[in-house]
Amino acid sequence: MNDSHRNVEIERRDVQKKSDSSLVASTFIKYAAYIIIFFGLLYFLVKFVFPMF
């Protein structure tokens with residue numbers, strides 16, 4: 001066999017996972033703030049409002 005006339009085309013595909021780390025960080029900070037505010041409100045209710053009843 002004569003391999004010099006053989007035409008082989010190799011298609012290369014690079015699959016990259018797109019993730020914006022700054023978007024992930026800002027979303028995490030936003031939901032962490034929501035959780036802190038929620039637990040702060042619960043603490044306020046338990047410590048100051050419920051003892052009034």
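Every heavy atom of this structure was used, including side-chain atoms; hydrogens, water molecules and symmetry mates were not. Start at 1 with the first residue, then count along the sequence.
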* Asked: Are Ile36 and Phe39 connected in a single hydrophobic cluster, I mean Ile/Leu/Val/Met/Phe/Trp/Tyr linked by side-chain heavy atoms less than 4.5 Å apart?
  -> no
* Under a single-linkage definition using a 4.5 Å side-chain heavy-atom cutoff for Ile, Leu, Val, Met, Phe, Trp and Tyr, are Leu41 and Phe38 assigned to the same hydrophobic cluster? -> no
* Drop me the distance from Leu42's CG to Phe50's CZ, to the nearest 0.5 angstrom. => 8.5 Å
* Pairs meeting criterion side chain to side chain donor-acceptor pair (under 3.5 Å) with involvement of residues 21-39, two or more places apart -> Asp20-Ser22
